[in-house]
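Because only heavy atoms are used, hydrogens play no part in the values below, and waters and symmetry mates are left out as well, while side chains stay in.
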Amino acid sequence: MSNKIPYVFRQNTDFLYLSGCQEPDSVLVLEIDTNGNCKSSLFVRPKDRTAEMWDGPRTGVQHAPDVYGVEEAYDIGGLKDYLTKYGFANPSSIVWYDEQSSDLFHVSKILRDVTNQQTKSPTELIHRLRLIKSESECELMRKTCEVASKAINRTIENSYPGISEHEIYASVDYHTRLSGANFLAYPPVVAGGANATIIHYINNNQIVKRGELILMDAGCEYHGYTSDITRTWPVDGKFSDAHRVLYEILLQIQRELLDCLQFQGGESLDQLFDTMCSKIGKYLQEIKLIPGSLSALELSRAAYKFCPHHVSHYLGMDVHDTPLISRNIHLRPGMVCTVEPGIYIPQNKLDVPSEFRGVGLRIEDDVLIKPEKEIEVLTRDCVKDASLIEEMISCKARGSLS
């Protein structure tokens, strides 16, 4: 981070998925021979009393097989000799290694020295495995979503006019960690007023004034699995008429999109995006923010200007999980995805009434796809009904005054 001050270490998720190992400078070698015999070997840092006094304990070579369930463990310093000795230089062998995404540059050099051939990336194959969650992974997803949902609820109810975006950020960070999360899953968006029209606003340093909405996009990481939630609410606990109209439209759109997943089944994320654009166009036509005389294609294009981002992405160990998997494949049981429509109207959009300008709204939930066209909304405990939001904030305010 600066001089000798490190960033917090976060393990490569593909490596973590296969090994369970959280230690840096580690390499997993999986081998299969022509007879189908398989072997797993983990190369780790050796025990070092001085280094461990400064940076904490290491598993070490001796204990690594028992801790991580591999067949063999070796000192990371012996990786080149191992690859040379056990036939990785054989021209008939296929070596899989994602050089572009690895931070271990010396491993890339070792492979170039040893194999004399191009490596193939296994990343897409690993993403196919990670895309479908096991039941134990689903339990971790439920927990990370539960922790983030409760933290966001606490943050909403403690809002007040004049609060800083930074305090809201600190609140959700505090409450997720208090419930066992390791840290926030990504730099959160905490956007008051017109800042919410900036999709990836992360400065989080302004005061939120009376009459403004807060848009917060936040999630946490719990034992390697992430949540991703967005809520929008009035800082003073009361939606204005214009804000309520937009919010109720957006909430209705999100509910209908969840119904698409619930009752249609097999829909792809790209199809869900097309559906979102159609619905945003239709509802904004009803309140005359979009002209009523547009063709279906023109309507979708007009709607996209109000929500210029996709409605969904896969979720799991990473926030934008398994990015090499197309969003055009049919959803299957075990997948987890977000559903996050938004409406954004900048201050300078002069073709809409002034009361709607400078407003950004998004509602995002995390969804587990289940068998028989069922879904489980993992973030269902995070409040989003407009009246409940108002009641939550007003009750807290009355309690503070009493």
Side-chain angles (χ1 to χ4, degrees), residues 127-135 137-146 148-149 152 185 217 219 225-232 247-284 296 299-300 303-304 306-343 361-386:
H127 285 190
R128 290 183 199 171
L129 295 175
R130 285 176 49 195
L131 182 64
I132 307 298
K133 275 59 178 177
S134 67
E135 186 51 43
E137 288 181 290
C138 290
E139 283 301 314
L140 285 168
M141 290 301 302
R142 291 184 183 100
K143 184 63 178 180
T144 188
C145 289
E146 175 192 337
S149 296
I152 290 172
D217 185 337
Y225 287 79
T226 62
S227 45
D228 184 6
I229 307 171
T230 306
R231 291 294 184 264
T232 308
Y247 188 87
E248 294 290 3
I249 283 174
L250 187 63
L251 185 58
Q252 181 62 27
I253 290 169
Q254 202 229 18
R255 285 170 173 160
E256 290 179 11
L257 293 173
L258 291 171
D259 285 345
C260 287
L261 297 180
Q262 176 81 40
F263 299 114
Q264 294 182 18
E267 184 157 298
S268 72
L269 299 187
D270 281 347
Q271 287 173 321
L272 197 66
F273 171 73
D274 292 339
T275 302
M276 178 196 73
C277 289
S278 297
K279 290 182 180 296
I280 289 177
K282 168 193 165 187
Y283 282 110
L284 293 187
L299 185 61
S300 290
Y304 183 70
F306 285 88
C307 184
H309 61 70
H310 207 290
V311 72
S312 184
H313 56 79
Y314 304 117
L315 187 66
M317 297 180 77
D318 289 317
V319 179
H320 289 259
D321 204 49
T322 59
L324 296 186
I325 303 299
S326 169
R327 287 193 258 205
N328 202 29
I329 64 172
H330 283 185
L331 295 173
R332 305 199 312 274
M335 293 182 179
V336 179
C337 64
T338 64
V339 179
E340 49 180 306
I343 296 174
L361 308 94
R362 183 163 66 252
I363 303 172
E364 175 183 20
D365 282 300
D366 303 338
V367 176
L368 168 65
I369 308 300
K370 303 186 78 173
E372 305 299 329
K373 298 183 180 180
E374 291 290 321
I375 64 169
E376 179 182 347
V377 180
L378 302 173
T379 48
R380 61 187 176 276
D381 293 334
C382 193
V383 65
K384 61 182 177 181
D385 179 84

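- Under the 3.5 Å distance criterion, with hydrogens and angles disregarded, no donor-acceptor pair is assigned to the side chains of Glu340 and His309.
- Rounding to the nearest 0.5 Å gives a distance of 12.5 Å between CD1 of Ile229 and CZ of Arg362.
- With values rounded to the nearest 0.5 angstrom, Leu131 atom CG is found 5.0 Å from Ile329 atom CD1.
- Leu261 contributes atom CG, which lies 9.0 Å from atom OG1 of Thr275 (distance to the nearest 0.5 angstrom).
- Side-chain atoms of Leu378 and Leu315, non-hydrogen and from C-beta on, never get closer than 4.5 Å to each other.
- The two atoms that bring Ile343 and Leu250 nearest to each other are CG1-CD1, 4.0 Å, heavy atoms only.
- Shown here for Pro341 and Val311, the closest heavy-atom pair between the two residues is N-CG2, 3.9 Å.
- Interatomic distance, Met317 CE to Arg130 CZ, rounded to the nearest 0.5 Å: 6.0 Å.
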* Stepwise side chain to side chain contact (heavy atoms under 4.5 Å, CB included) test for Ile280 and Tyr304 -> CA-CA 8 Å; Ile280 289 177; Tyr304 183 70; over 6 Å; no

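- Atom SG of Cys337 and atom CG of Asp365 lie 10.5 Å apart (nearest 0.5 Å).
- Here the side chain of Thr144 pairs no donor or acceptor atom with the backbone of Leu140 at under 3.5 angstrom.
- A donor-acceptor contact closer than 3.5 angstrom is absent between the side chains of Glu248 and Gln252.
- For the residue pair Asp270/His310, the side-chain donor-acceptor check at 3.5 Å is satisfied.
- Looking only at distances, a side-chain donor or acceptor of Arg231 sits under 3.5 Å from a matching main-chain atom of Glu364.
- Using a 4.5 Å heavy-atom threshold, the side chains of Leu272 and Arg327 count as separate.
- For the pair Cys307 and Gly342, the tightest heavy-atom approach, listed with the atom from each and the gap, is CB-O, 3.1 Å.
- Contact record, Met335 with Ile132: CG-CD1, 3.7 Å, taken as the closest heavy-atom pair.
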* Asked: Going through the checks in order, is the side chain to side chain contact (heavy atoms under 4.5 Å, CB included) test met by Asp321 and His313?
  -> CA-CA 7 Å; Asp321 204 49; His313 56 79; over 6 Å; no

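- Summarising the geometry, atom OG1 belonging to Thr379 is positioned 9.5 Å from atom CG belonging to Asp228; distances are rounded to the nearest 0.5 Å.
- Taking the side chain as every heavy atom from C-beta outward, Glu146 and Ser227 never approach each other to under 4.5 Å.
- At distances below 3.5 Å, at least one donor-acceptor pair connects side-chain atoms of Tyr314 with backbone N or O atoms of Ser326.
- Between His127 and Pro323, the shortest heavy-atom distance links the atoms CE1-CD, 3.3 Å.
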* Decide side chain to side chain contact (heavy atoms under 4.5 Å, CB included) for Tyr247 and Lys384; before the verdict, give the C-alpha distance in whole Å, the side-chain angles of both, and the deciding distance to 0.1 Å. => CA-CA 10 Å; Tyr247 188 87; Lys384 61 182 177 181; 3.8 Å; yes

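- You'll find the side chain of Asp274 stays beyond 4.5 Å of the side chain of Ser300, heavy atoms only.
- Panel note: side chain Ser312, backbone Thr338; a donor-acceptor pair is recorded below 3.5 Å.
- No side-chain heavy atom of Val336 sits less than 4.5 Å from a side-chain heavy atom of Ile369.
- Between the side chain of Thr226 and the backbone N or O of Gly316 there is at least one donor-acceptor pair closer than 3.5 Å.
- When each of Lys373, Lys370, Glu374 is paired with Gln262, the side-chain hydrogen bond (donor to acceptor under 3.5 Å, both in side chains) condition holds for Glu374 and for no other.
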